[in-house]
A.B. asks: 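One structure, as structure tokens, below. Some questions next.
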Amino acid sequence: MEAARSVGTFVVVGGGIAGVTCAEQLAVNFPEEDILLVTASPVIKAVTNFKQVSKVLEEFEVEEQPSTVLENRFPNIKVIESGVKQLKSEEHCIYTEDGHQHVYKKLCLCAGAKPKLICEGNPYVLGIRDTDSAQEFQKQLTKAKRIMIVGNGGIALELVYEIEGCEVIWAIKDKAIGNTFFDAGAAEFLTSKLMSEKSEAKIAHRRTIYTVEGAKRENRTKAKADNVGSALGPDWHGGLDLKGTEEFSHNIHIETRCEVKKIYLQEEFRIMKKKPLAFPKDQHKSVTVDKEMWPVYVELTNGKIYGCDFLVSATGVTPNVYPFLLGNNFDLGEDGGLKVDDQMRTSLPDIYAAGDICTACWQPSPVWQQMRLWTQARQMGWYAAKCMAAASLGHSIDMDFSFELFAHITKFFNYKVVLLGKYNAQGLGSDHELMLRCTKGQEYVKVVMQNGRMMGAVLIGETDLEETFENLILNQMDLSSYGEDLLDPNIDIEDYFD
């Protein structure tokens, strides 16, 4: 018996920000067509409270919603709750796990990425990337006295800041924290906040997290464990009470320039008779051997061994391309993503990709780079829909303005953080200068200059400089004559450049 077939002009795979944004945009452009959104999870990620802060900077919140909410808003979107089993690009058809086939005229793959796990299949290693794993993490934490966090991106940073009442050993491969987002100076600015105890009155988070309650959650746990949920957004920990068993607040020890060498379970470790280290309470005292027995022991490449209750792997993501590769000759980027051109097209006809699954392979603007972030997932999903629409109508379309300048707004340690352009001098080699302004506990401003022109900036705190700096980077004005005045707090820089 032939499996049930449906024919949709546009099929989008993935219920994260990129996929949902793409489907919504297609639904607006083609109100008469059915848009199929195929997703393995019962909830989708929706953009809410969208604000255009400036030309390129945008702020929004991300909310989990049942897929019916999307179908009610857009009567021509049909959500198919099923994973993709196979893509047959030559037949223009995808086969879903539920035994159906969906024929498409144009397809957009937005299946996101999955966490890189340090060690597959170890019950004491948790990978955190999505709301499901964050909840799992909270269950584990209630019993934990000591955990190790491995990784140096946004999720590791947030975790370390939020966890209280539990010893944290934080292993990072760089010499300073938060390398994905910051240089050592910004890291230092934030770490001082980490080490000075957090004030008791926690500032209420503006964003909340919506989870699937009751019956739906049952389905979720039963859904295959490898069905990756959508990525976490900023403040994903807001609704979670991240407290371990101990009664003190922050207790963090950072091991820099190291990675995990080996992970031992308690039994194997006992046999080896190696010496684990106690938690370094006082930096000046000699290091003592740990008497306590831990469920798992981690040996770092710097030779140190620590026991802990479990290890959190927050070491980034790999594009989730696996279900689509079999029998299809996609060109892949160095990071394993599906290569897309400046119209978001993959190397196969009528197949587009957006968000974490894709690798941008056009010649980028000198102040833009791809990073697997929510803002880019939204921009790419929106632009991919525009490109699909134009192609199916036979029109041409210009590259979207949001790819002119890298711009991202987020929160770390309750500070507003704005990143613009080549904020870490990415790809500029040694041919650049940095200018800094820092008020401890209040703000941190860093500007990356090259040949008198502003190439990037990091703004932490309420600096109100984002729009001015965005303009200066976009118009590449020669600023050499301003020298250090550019960051002088007594000079109102906006007056110069209105």
Side-chain angles (χ1 to χ4, degrees), residues 114-120 122-182 187 190-191 193-195 198 231-232 234-238 240-246 248-264 276-281 290 294-302 304-317 410-413:
K114 41 186 201 295
K116 286 182 200 156
L117 264 194
I118 298 172
C119 163
E120 295 289 338
N122 185 323
Y124 297 102
V125 177
L126 293 177
I128 286 216
R129 167 193 160 76
D130 52 45
T131 29
D132 293 4
S133 48
Q135 281 168 344
E136 178 53 33
F137 177 68
Q138 194 192 350
K139 285 208 291 279
Q140 306 266 352
L141 192 61
T142 50
K143 311 182 283 288
K145 288 197 300 208
R146 182 193 299 165
I147 65 170
M148 183 182 278
I149 294 177
V150 181
N152 202 9
I155 284 187
L157 266 176
E158 279 297 323
L159 267 182
V160 168
Y161 181 61
E162 286 299 323
I163 291 166
E164 299 184 345
C166 170
E167 293 177 340
V168 178
I169 293 165
W170 188 7
I172 61 178
K173 61 177 194 290
D174 312 276
K175 45 179 192 290
I177 66 164
N179 74 309
T180 334
F181 292 107
F182 307 123
L190 287 173
T191 331
K193 175 151 184 184
L194 197 56
M195 298 315 179
K198 265 198 306 194
L232 285 170
D235 285 357
W236 53 268
H237 49 72
L240 306 175
D241 183 18
L242 296 177
K243 246 185 173 354
T245 56
E246 301 288 308
F248 51 82
S249 189
H250 277 150
N251 215 343
I252 295 151
H253 173 69
I254 304 178
E255 288 285 348
T256 55
R257 298 191 188 181
C258 66
E259 293 180 65
V260 171
K261 184 173 170 189
K262 204 160 167 25
I263 298 174
Y264 306 96
L277 301 176
F279 189 84
K281 289 269 188 278
D290 198 348
W294 298 94
V296 64
Y297 288 86
V298 186
E299 182 174 3
L300 300 171
T301 47
N302 61 11
K304 297 183 182 177
I305 299 176
Y306 290 102
C308 53
D309 288 306
F310 60 92
L311 180 139
V312 181
S313 169
T315 44
V317 297
T410 183
K411 259 190 143 69
F412 282 122
F413 301 5

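FYI, side chains are in, hydrogens and waters are out, and symmetry mates aren't considered; it's all heavy atoms of this structure. These numbers were taken from a predicted model, which means no experiment stands behind them.
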A.B. asks: Is any side-chain heavy atom of Phe310 less than 4.5 Å from a side-chain heavy atom of Leu126?
C.D. replies: yes

A.B. asks: State the CG-CE distance between Leu300 and Met148, to the nearest 0.5 angstrom.
C.D. replies: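 Going from the CG atom of Leu300 to the CE atom of Met148 covers 4.5 Å.
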
A.B. asks: Is the side chain of Thr315 donor-acceptor paired with the backbone N or O of Val150 at a distance under 3.5 Å, no angle test?
C.D. replies: no

A.B. asks: When rounded to the nearest 0.5 angstrom, what is the spacing between CD in Glu167 and CD1 in Ile252?
C.D. replies: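 Rounded to the nearest 0.5 Å, the CD-CD1 separation comes out at 11.0 Å.
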
A.B. asks: At what distance, to the nearest 0.5 angstrom, does CD of Glu299 lie from NZ of Lys261?
C.D. replies: 4.5 Å

A.B. asks: Which atom names give the shortest non-hydrogen contact between Gly307 and Tyr297, and what distance separates them?
C.D. replies: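 Here Gly307 and Tyr297 meet closest at CA-CD2, 3.4 Å.
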
A.B. asks: I need the minimum non-hydrogen distance between Cys258 and Ala171, along with the two atoms involved.
C.D. replies: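 Smallest heavy-atom distance, with atoms named: SG-CB, 4.1 Å.
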
A.B. asks: Report the distance from atom CD1 of Ile147 to atom CH2 of Trp170, rounding to the nearest 0.5 Å.
C.D. replies: 11.5 Å

A.B. asks: Taking all atoms of both residues into account, what is the closest heavy-atom pair of Cys166 and Ala144, and its distance?
C.D. replies: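 Nearest pair, atom of Cys166 first, then Ala144: SG-O, 4.0 Å.
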
A.B. asks: Any side-chain heavy atom of Asp309 sitting closer than 4.5 Å to one from Trp294?
C.D. replies: yes

A.B. asks: Does Arg146 reach the main-chain N or O of Ile169 with its side chain, forming a donor-acceptor pair under 3.5 Å?
C.D. replies: no

A.B. asks: Does atom OH (Tyr124) have a neighbourhood of more than 12 heavy atoms from anything else shown, all under 6.0 Å?
C.D. replies: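 Not buried by this count: 12 neighbours or fewer within 6.0 Å.
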
A.B. asks: Would you compute the distance between atom NZ of Lys262 and atom OH of Tyr264 and round it to the nearest 0.5 angstrom?
C.D. replies: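 Reported value, rounded in 0.5 Å steps: 5.5 Å.
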
